[in-house]
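Okay, structure first, notes after.
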Amino acid sequence: MKEFIRCAVVALMLTPAVSAAQAQEMRPLGELLETAAAPYPSTRCAGWYQALMEWGGKKRFGDEAWMTMDTARRSVFLHSVLIFNQESGNTMETDVELVAESARNIADLYLARMRSNYAAQGEAYAQDELIKSDMFVCQIVAELALAKVGDLDQ
């Protein structure tokens, strides 16, 4: 048994470790639109808006911009849930939880990127081409989602 444990430890030590950055490197959303699962663009955008709102905060953005981002975030989230639910066979509540978990994970990836950018260059996203290109795509996705799900405040 001790020999097995030693072999297992040696094997683990020799196995190249994949860093979190390598395992979770984000690709621009625009590159994934044609190949990703149908709800992914909306889910990704829900995470993007969530991260942006958490990074900036309501006070920094101001009421009008905050409300615009929140409407976009909620619209893409609901749109993602509706798309996911059409194919999943789950209850709506289950799909809300699944999409919320995915959006949270995505938001965490964006936030980690923003923190790293800020630490390295003093700017969270203005110089980050992935974040800027995703912002553009997410604005379009949010407009389409809002057209599908309607104004959530009515």
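Throughout, residue positions are numbered sequentially from 1 according to the sequence presented.
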Check: Can you find a pair of side-chain heavy atoms, one from Glu25 and one from Arg113, that are under 4.5 Å apart?
Finding: yes
Next item on the list: Please tell me if the side chains of Val99 and Phe77 come closer than 4.5 Å, counting only heavy atoms from C-beta onward.
Entry: yes
Margin query: Please find the pair of heavy atoms, one from Met69 and one from Tyr49, that lie closest to each other, and give the distance.
Written below: O-CD2, 4.0 Å
Checklist line | Flag side-chain contact, heavy atom, 4.5 Å: Lys132 against Glu129 | finding: yes
Note to self: Does Lys148, at its NZ atom, have more than 12 non-hydrogen atoms belonging to other residues, nucleotides or ligands within less than 6.0 Å?
What the structure shows: no
Notebook entry, point to check: Which value, rounded to the nearest 0.5 Å, describes the distance between Tyr110 atom OH and Leu52 atom CG?
Noted result: 10.5 Å
Notebook entry, point to check: Quick one: does Asp134's side chain get under 4.5 Å of Ile131's, heavy atoms only?
Noted result: no
Item checked: Ser133 versus Pro28, closest heavy-atom pair with distance -> OG-CB, 3.9 Å
Margin query: Are Asn117 and Glu123 packed together at the side-chain level, in the sense that at least one heavy-atom pair is separated by less than 4.5 angstrom?
Written below: no
Next item on the list: Locate the shortest heavy-atom distance separating Ser75 from Ala145; write the atom from each residue and the value.
Entry: O-CB, 3.7 Å
Next item on the list: Verify whether one side chain among Ser42 and Ser80 offers a donor that lies under 3.5 Å from an acceptor in the other.
Entry: no
Margin query: Quick check against the 3.5 Å criterion: does Asn85 have a side-chain atom that pairs as donor or acceptor with the backbone of Asn90?
Written below: yes
Next item on the list: Answer with yes or no whether the hydrophobic clustering places Met114 together with Leu29; edges join I, L, V, M, F, W, Y residues whose side-chain heavy atoms lie under 4.5 Å apart.
Entry: yes
Notebook entry, point to check: Rounded to the nearest 0.5 Å, what separation is found between the CE atom of Met26 and the CG atom of Asp128?
Noted result: 9.5 Å
Checklist line | Gap between atom CZ of Arg73 and atom OG1 of Thr68 - 0.5 Å precision | finding: 13.0 Å
Check: What's the shortest heavy-atom distance between Trp55 and Arg115, and which atoms?
Finding: CZ3-CG, 3.7 Å
Item checked: Minimum-distance pair of heavy atoms, taken over all atoms of Leu32 and Arg44 -> CD1-NH1, 3.5 Å
Note to self: Test of understanding: clusters of I, L, V, M, F, W, Y form through side-chain heavy atoms closer than 4.5 Å, transitively. Do Val141 and Met53 belong to the same one?
What the structure shows: yes
Check: Can you tell me how far the OG1 atom of Thr43 sits from the CG atom of Asn105, to the nearest 0.5 Å?
Finding: 11.0 Å
Checklist line | Atom pair CD1/CG of Ile140 and Leu144 - distance to nearest 0.5 Å | finding: 7.5 Å
Item checked: Note: Glu101-Arg104 ion pair, threshold 4.0 Å (strictly below) -> no
Next item on the list: Report the distance from atom CG of Asp108 to atom CD of Glu54, rounding to the nearest 0.5 Å.
Entry: 7.5 Å
Item checked: Parallel, tilted or perpendicular, as decided by the 30° and 60° cut-offs, for the rings of Phe61 and Trp66 -> tilted
Next item on the list: Tell me whether Tyr118 is reachable from Leu109 by hopping between hydrophobic residues (I, L, V, M, F, W, Y) whose side-chain heavy atoms are closer than 4.5 Å.
Entry: yes
Notebook entry, point to check: Under 3.5 Å, is there a donor-acceptor pair linking the side chains of Gln139 and Glu143?
Noted result: no
Note to self: Before you tell me yes or no, could you show the steps for Leu82 and Met92 under side-chain contact (heavy atoms from CB on, under 4.5 Å), namely the whole-Å CA-CA distance, both residues' side-chain angles and the distance that decides it to 0.1 Å?
What the structure shows: CA-CA 8 Å; Leu82 293 173; Met92 188 64 75; 3.9 Å; yes
Item checked: Common cluster, Ile83/Leu33, ILVMFWY with side-chain heavy-atom separation under 4.5 Å -> no
